[in-house]
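Just follow the structure's listing: the first ligand is 1, and inside any ligand the first atom is 1. Note: hydrogens, waters and symmetry copies are ignored here, and every other heavy atom, side chains too, is used.
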Amino acid sequence: MKTLDDLDVAGKKVLLRSDLNVPLDGDRITDDGRIRASVPTVNALLDKGAKVIVAAHLGRPKGEPDPKYSLAPVAERLGELLDVPVTFAADTVGESARAAVAAMPERSVVLLENVRFNAGETSKDDAARGAFADQLAALADVYVSDGFGAVHRKHASVYDIAKRLPSGAGLLIQAEVTVLKKLTEDVERPYAVVLGGSKVSDKLAVIANLLEKADSILVGGGMVFTFLKAQGFEVGRSLLEEDQIETVRGYLRRAAERGVEFVLPVDVVAATEFSASADHAVVPASQIPADRLGLDIGPESGKLFANKLATAKTVFWNGPMGVFEMEPYAGGTRAVAQGLIDSGAFTVVGGGDSAAAVRLLGFDEASFGHISTGGGASLEYLEGKTLPGLAVLEEGN
Ligand code: 3PG
Ligand code: MG
C-alpha cells in the first residue's frame with residue numbers, strides 16, 4: 001500500500017477522502033473526534049506543498065441534497081483546527097466545487113459538500129459509481145484515502161476513485177491498520193473483547209470470528225438482552241432480537257467448547273421508560289420486571305467486567321454498555337472505560353459510539369492504547385473481511 005511518502009504531491013491538487021461523519025445536535029457538533037483525527041494528514045499534505053480538496057460524507061442522506069446533512073458545520077470546525085482557512089463548496093462536483101478548486105491558492109483547503117448528496121456515491125451500480133468517481137477525479141491530480149471509518153464501503157469516493165488517480169493511504173489509515181493488524185496477527189494474551197451496542201445482528205459475524213480468537217468475551221449494551229433470553233431469563237420490555245436467540249445459543253455452546261469465557265451482566269438498570277427521568281432501579285439480570293426495560297448494565301456487573309479485564313494483556317472494546325447519553329444509564333460504560341484504563345493492557349476502543357462515549361464521559365483519550373475512528377470498519381477488519389477501500393489501495397495505482 002502506497003503512503004504519503006510514495007506520492008508526489010508538491011504543487012498538485014490532492015483529493016483527500018476523510019471520515020468526518022460526526023454526531024450533530026442540530027448544527028452543533030457533539031463530538032469532533034473524527035475531525036481532529038483527520039487533521040494530521042491534511043497538515044502533512046499542506047507541508048508537502050499540496051492543495052487539499054477534502055471529500056467526506058455525513059449521515060445517510062438519500063442521494064440528493066438535504067440541508068440536515070450538510071457538512072457546513074464541519075467545515076467551520078475543520079477551519080478552526082487547521083492553521084489555514086477552509087473554503088466550503090456548496091456542492092460535490094458542480095459549479096461551486098469546480099470554482100472553489102480553480103481558485104485555490106498554494107497551501108489551501110477546500111471541503112466539498114457531503115458526497116452522499118450525489119446518488120452515484122453509494123450506488124450498487126458500478127457505472128453510476130464510476131461516473132461520479134470520474135467527476136471527483138477530474139477535480140484533482142492525486143487521491144489520498146484517509147477515511148478509515150468508511151473503508152468498508154464500496155463507494156465512489158472510497159473505492160472507485162482510487163482506480164482513477166495515483167493513490168495512497170493517509171496517516172490515519174496507516175495508524176488504524178497497524179493496530180488492527182496487531183490484534184489479528186500478533187495479539188498478546190489473554191485477549192479480552194468487550195462488546196456492546198444495541199443490535200446483536202450487527203455483531204454476529206464479529207462474534208463468530210472472535211469466538212475463535214479471543215480468550216474472553218464480555219457482553220453489555222442493548223444486545224445483551226438477547227443473550228440473557230437465550231439463557232432462559234425473561235427480559236421484560238428490553239431490546240430483544242427474537243430471531244437471533246438460536247444463533248446466540250450456538251455462540252454460547254461454541255464458547256464452552258473452545259474454553260472461551262463468556263461474561264454476561266449479573267445486574268441491570270431497569271427503567272419504566274426510555275427516558276432519563278423515568279423511574280429506574282438496579283435488578284438482578286435474571287429478574288427484570290415484565291413492565292421494565294434494561295438501559296444499562298448494573299454496578300455489580302461493572303465491577304465484574306473490570307475484574308475480568310484486570311488480567312488481560314489486550315482488550316478490544318466496541319459498543320457502549322448502556323444509554324450513556326443519559327446520566328442514569330452511563331455507569332456501565334463508565335465502569336468499562338475505567339476497567340480498560342486500570343487493566344494496564346494494550347487497549348483498543350473501536351467504534352464511533354464507544355469512542356465518542358469515552359470522550360463525552362470525560363476520559364482522557366491518552367489513557368487508551370488506541371481509539372479507532374472506525375466502528376463498522378474496525379469490526380469488519382476483525383471479522384477478517386476484505387475492506388474495499390483498503391483492498392483497492394493494496395492493488396495500487
Ligand atoms: C460510520 O459512521 O460508521 C462511518 O462514517 C461510515 O458511515 P456509514 O455507516 O453510514 O457508511
Ligand atoms: Mg456506521
Next item on the list: Kindly confirm or rule out an N or O of Asn21 lying under 3.5 angstrom from an N or O of ligand 1.
Entry: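 Between Asn21 and ligand 1, an N or O pair is found under 3.5 Å apart.
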Check: For ligand 1, which atoms have a heavy atom of Arg153 less than 4.0 angstrom away?
Finding: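 Numbered from 1, ligand 1 contributes 8 (P), 9 (O), 11 (O).
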Next item on the list: Search all heavy atoms of Leu20 against all heavy atoms of Arg34 and return the closest pair with its distance.
Entry: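 Taking Leu20 first and Arg34 second, the nearest heavy atoms are CD2-O, 4.1 Å.
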Notebook entry, point to check: At their closest point, which heavy atom of Asp19 faces which heavy atom of Thr373, and how far apart are they?
Noted result: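 What the structure gives for the nearest pair is OD2-O, 4.3 Å.
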Note to self: Hydrogens and angles aside, do Glu273 and His280 bring a side-chain donor and acceptor to less than 3.5 Å of each other?
What the structure shows: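 No - no donor-acceptor pair under 3.5 Å links their side chains.
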Next item on the list: With heavy atoms of Arg60 as the reference, note each atom of ligand 1 found under 4.0 Å away.
Entry: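 Answer for ligand 1: 8 (P), 9 (O), 10 (O).
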Next item on the list: Identify, by atom number and element, the atoms of ligand 1 in contact range of Asp19, meaning under 4.0 Å from any of its heavy atoms.
Entry: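 So the answer, numbered in order with elements, is 4 (C), 5 (O).
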Notebook entry, point to check: Will you find, in the side chains of Lys303 and Asn307, an N or O donor that is under 3.5 Å from an N or O acceptor?
Noted result: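 Note: Lys303 and Asn307 side chains miss the donor-acceptor criterion.
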Check: Taking the non-hydrogen atoms of His57, is any one of them nearer than 4.0 angstrom to ligand 1?
Finding: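 Per 4.0 Å heavy-atom rule, His57 contacts ligand 1.
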Notebook entry, point to check: With distance as the sole criterion, is a donor-acceptor pair present between the side chains of Ser354 and Asn318 under 3.5 Å?
Noted result: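 Per modelled atom types, Ser354 and Asn318 side chains form no pair under 3.5 Å.
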Check: Would you call Asp146 and Arg17 a salt bridge, using N to O less than 4.0 angstrom?
Finding: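 Arg17 and Asp146: not salt-bridged.
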Item checked: Atoms of ligand 1 close to Arg116 [distance to a heavy atom under 4.0 angstrom, numbered from 1] ->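 Contacts of ligand 1 toward Arg116, numbered from 1: 7 (O), 8 (P), 10 (O), 11 (O).
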Note to self: Checking contacts here: is it the side chain or the backbone of Arg34 that comes within 4.0 Å of ligand 1, counting heavy atoms only? Could be both or neither.
What the structure shows: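 Near ligand 1, Arg34 shows its side chain, while the N, CA, C and O stay back.
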